[in-house]
Amino acid sequence: MWVLLRGGYPLRILLPLRGEWMGQRGLPRSLVIGPPRRRYRKEALPALEVPVLPVTATEIRQYLRAHGIPFQDGHSCLRAPSPFVKALQLKDQTGATASFSLFIDKTTGRFLCMSSLAEGSWEDFQASVEGQGDGAREGVLLGEAPEAEDSEEIRRIWDRAIPLWELPEPEEAQLARVMFGLTKVTDDTLRRYSVRYLRPARSLVFPWFSPGGMGLRGLKLLSAEGQGNEVHYKETTIPRPGVYCNLFGLPLISRRDVEVVLTSRELDSLALNQSTGLPTLALPRGTACLPPALLPYLEQFRRIVLWLGDDLRSWEAAKLFARKLNPKRCSLVRPGDQQPRPLEALNRGLNLSRILRTALPAWHKSIVSFRQLREEVLGELSNVEQAAGIRWNRFPDLNRLLKGHRKGELTVFTGPTGSGKTTFISEYALDLCTQGVNTLWGSFEISNVRLARVMLTQFAVGRLEEQLDRYDEWADRFEDLPLYFMTFHGQQSIRTVIDTMQHAVYVYDICHVVIDNLQFMMGHEQLSTDRIAAQDYIVGAFRKFATDNSCHVTLVIHPRKEDDDKELQTASIFGSAKASQEADNVLILQDRKLVTGPGKRYLQVSKNRFDGDVGVFPLEFNKSSLTFSIPPKSKARLKKVKDDNGLVTKKPSSGRKGAVPQNSETCLGQAHHSYQPNPSKPSR
Ligand SMILES: Nc1ncnc2c1ncn2[C@@H]1O[C@H](COP(=O)(O)OP(=O)(O)OP(=O)(O)O)[C@@H](O)[C@H]1O
C-alpha cells in the first residue's frame, strides 16, 4: 500500500502490506500459528500532490515567539512546554525541564511529547496551537501499542525465551555463547539488559521496552550461522524493520547521564557497557539509518561517541549520523585493526576505554590541514575495496569499469529515446537497494505504479502476471527494501525537488537519488539559450547536493537530436558541456539496434572520475523479467574503443578475468552470474 507521509512532503513510502508470518521470518515452524495473513494499514492517507515547503528552524522559532510559547534551543530539537500534557500532570512533575517535554525537530518541525508520547507534523502542531483540533495522534513510532497480532507474537516469543544461564544443558549455553561471541560477556550484563535466548530458533532475543516502562513494544531476534570460518548473523524484528525504533539500552539511561556511546549492534552495547561502565545505546537498524524520531531521546547528551563498526561503511554512516545529531557534540571511533567493533575488542582483550579516548571530533571547520586528513586517506588506502563503493550483484562488468557505487558522486546517464533508459536504471538502482543502499526515486515521466511494477518484475526476475499466487511473497519482500518514491509527476521546480531530497536524506538517510529525468525541471523556456542555462543551473544544484549530503545522485538526461544511425557520445548529452564536466560518471545506453536487432544494447562508461577506466559492455534485454542481464554463455571478448565515436576494432579476449587496463577503454562481455533471489534470505 502506498501511504503519503504526514507532514505533507511529496514523498511516498511503502508501508506494511504483508502476509508475513512467522515461518517467513525465519522462526521455526513450531512457533507458527495460523495461515499466512495479510494486513492493511488502517489509515491510508490520500496522495497529496501539492508539495508543502519544508519549514526552517528560524520559522519554527518565529512561530513559537509569535504565539508566546517559551522554548529552549537544543542540539537537534527545540524544547517547549507540551500542549498535550494536562495541567494536572504537569504539576506532578518536577522542575522546568519536565514541563518542557515537547521536542520539535529543528529540521522537519515534527514533534514528540515525551510525557504523553503524542507526535505529529509541524502542521499538526500549528493546528493544535491554533485550536483546530488536537493535532496529534498517539505516538506513531514510540508510544503506540503494537498491533494486536504483533503483540501476541511478541508476548509468545518473550515468554518462551529464557536467560542463557537457565538453559538446562551447559553445553548448549556454551555453544550459544561461542556462536554469538559472548564468552566474555557476563551473566550480570545479560541480566541488566534483559537479554534472553529462544531455544527453538537458536536465537538471542533483545527486548524493546516502551519508553515509559509500560511493557514490551517489540523484539529483535538474532540468529547465528557458521559458514566455513565465518559466522553470519541474521536479524528478525517484530514489528518489521521499517517501524522497529528501539534504542536498545534506553531503560538503563539515567536522566543525569550527559555522555553516551552509540553502537550499531546490541551485542556491541553489552560489551561496551560491561568493560567501560559507560551508558550506551544500540541503534535499531544498525548503520542503515538513524530515524529522526529517535533524536529527542538523545537530546540530553552533551557528548555522543559513535562506535558503529569495523568497516568503511560504518565510518561513512557515523559521519552522516553525526550531522543529524549536531557534529559539535559528536566524536567518532575510526575503524582500524586495533579499533574493531566493541564486542571484538572485548574478546581480543583490547582496552575499550582507551579506544574511546582516541575518538575523533566530528566537527571541523571549512579549512583542514593534511594532518586532519591523513588518517582518512590511510583509511581509504588500506580499504581499497570498500573505498571503491558498493558493487553491483547483477552487473559485474559495471564493477570492472566503475569499481562500485560511491557516496557523494554524480552520475549522468543518457541514451536514445525509448532505448530502455528507465528500465535499465531501475534495475541498476534496485540492485544497490537490495544491498541496503537507501534509495529515493524521482520519476517524473512514468507513474510510480508503473515504475514499481517494472522494479518488482526485475526483483522477482520473472513475469509476475503468470505467477500471481506468488505476488504476495515478492511484494512482501519488496516492501522491506529501503526504497522511497517522490510523488511528483510532470514539470517541477528544481527548488522543490532539492528540498524534498534534503528532507529524505534527513529522515530516511537516503544515499542514492535517481532523477528520471532532468528535462522535467527545465520549465517551459522556449529559447534554446534559456534552456541550456536552465540545465546548467540544475546540474550544478544536483552536483552541490551530492557533495554536501554525501549522497549519490543519478541523473537521466535526454540526448540532443542526432542522426539515428550515429552512436551517442559524451558530447551528445543535451545542453552545454556542464553536465559531463560536473559528473563523476557518464553512462550511455547505446542502442545499436540496426546492427544487433531488438533487445541488444551496450552500456558505455564514457567518464569515470574515480579511476579513469572507461569502456563498453553488452546488455541483453530479457522481455519477461525486464532485466538487462548478460546471458550466461556469452564469451568474454575485448573490444578497443578509439574514442567516443564508437568501436573501431574487435579482437578475442586474452581471457584474463577482471584485468582492466588502467585508463584504457575496454569492452567487456563476461560470463554472468545471474541474480537468484532467495526468498528465505532477509532482504536487508
Ligand atoms: N533492449 C530493449 N529491447 C526491447 N525493448 C526494450 C528494451 N529496453 C526496454 N525496452 C522496452 O521499451 C519500452 C521503453 O523503455 P524505457 O521507458 O525504459 O525507455 P526510455 O529510454 O527510458 O524512454 P524515454 O526516452 O521515453 O525516457 C519499455 O516497454 C521497455 O520494456
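Counting convention: from 1, in listed order, for ligands and their atoms alike. Heavy-atom basis, side chains included; hydrogens, waters and symmetry copies ignored.
- The atoms of ligand 1 that sit less than 4.0 Å from any heavy atom of Phe628 are 1 (N), 8 (N).
- Every atom of ligand 1 with a heavy atom of Thr417 under 4.0 Å away is listed here by number and element: 25 (O).
- Considering backbone and side-chain N/O atoms, Asn517 never comes within less than 3.5 Å of an N/O atom of ligand 1.
- Defined by atom type and a distance below 3.5 Å, a donor-acceptor pair is missing between the side-chain atoms of Gln458 and Glu427.
- Each of the following atoms of ligand 1 lies closer than 4.0 Å to a heavy atom of Thr423: 9 (C), 15 (O), 16 (P), 18 (O), 30 (C).
- Under 3.5 Å, the side chains of Asp499 and Thr496 contain no donor-acceptor pair of N or O atoms.
- Of all the heavy atoms of Arg601, the ones lying under 4.0 Å from any atom of ligand 1 belong exclusively to the side chain.
- Across Asn608 and Leu401, no two heavy atoms sit closer than the pair ND2-O, 2.9 Å.
- Counted by atom type alone, Thr422 and Glu445 present zero donor-acceptor pairs between their side chains at under 3.5 Å.
- When each atom of ligand 1 is checked for a heavy atom of Pro416 under 4.0 Å away, the hits are 21 (O).
- Ionic pairing of Glu465 and Arg453 is present here: one or more N-O contacts between side-chain nitrogen and carboxylate oxygen are shorter than 4.0 angstrom.
- Remark: distances from the non-hydrogen atoms of Gly415 to ligand 1 are all 4.0 Å or more.
- Shown in contact with His558 at under 4.0 Å from a heavy atom are these atoms of ligand 1, numbered in order with element: 25 (O), 27 (O).
- Within the listing of ligand 1, atoms 19 (O), 20 (P), 21 (O), 23 (O), 24 (P), 25 (O) sit less than 4.0 angstrom from a heavy atom of Gly418.
- In this structure a side-chain-to-backbone donor-acceptor pair under 3.5 Å is present from Arg406 to Gly404.
- Side-chain N or O atoms of Arg394 include none that pairs as donor or acceptor with a backbone N or O of Asp431 at under 3.5 Å.
- For ligand 1 and Thr422, the ligand atoms under 4.0 Å from any heavy atom of the residue are 17 (O), 18 (O), 20 (P), 22 (O).
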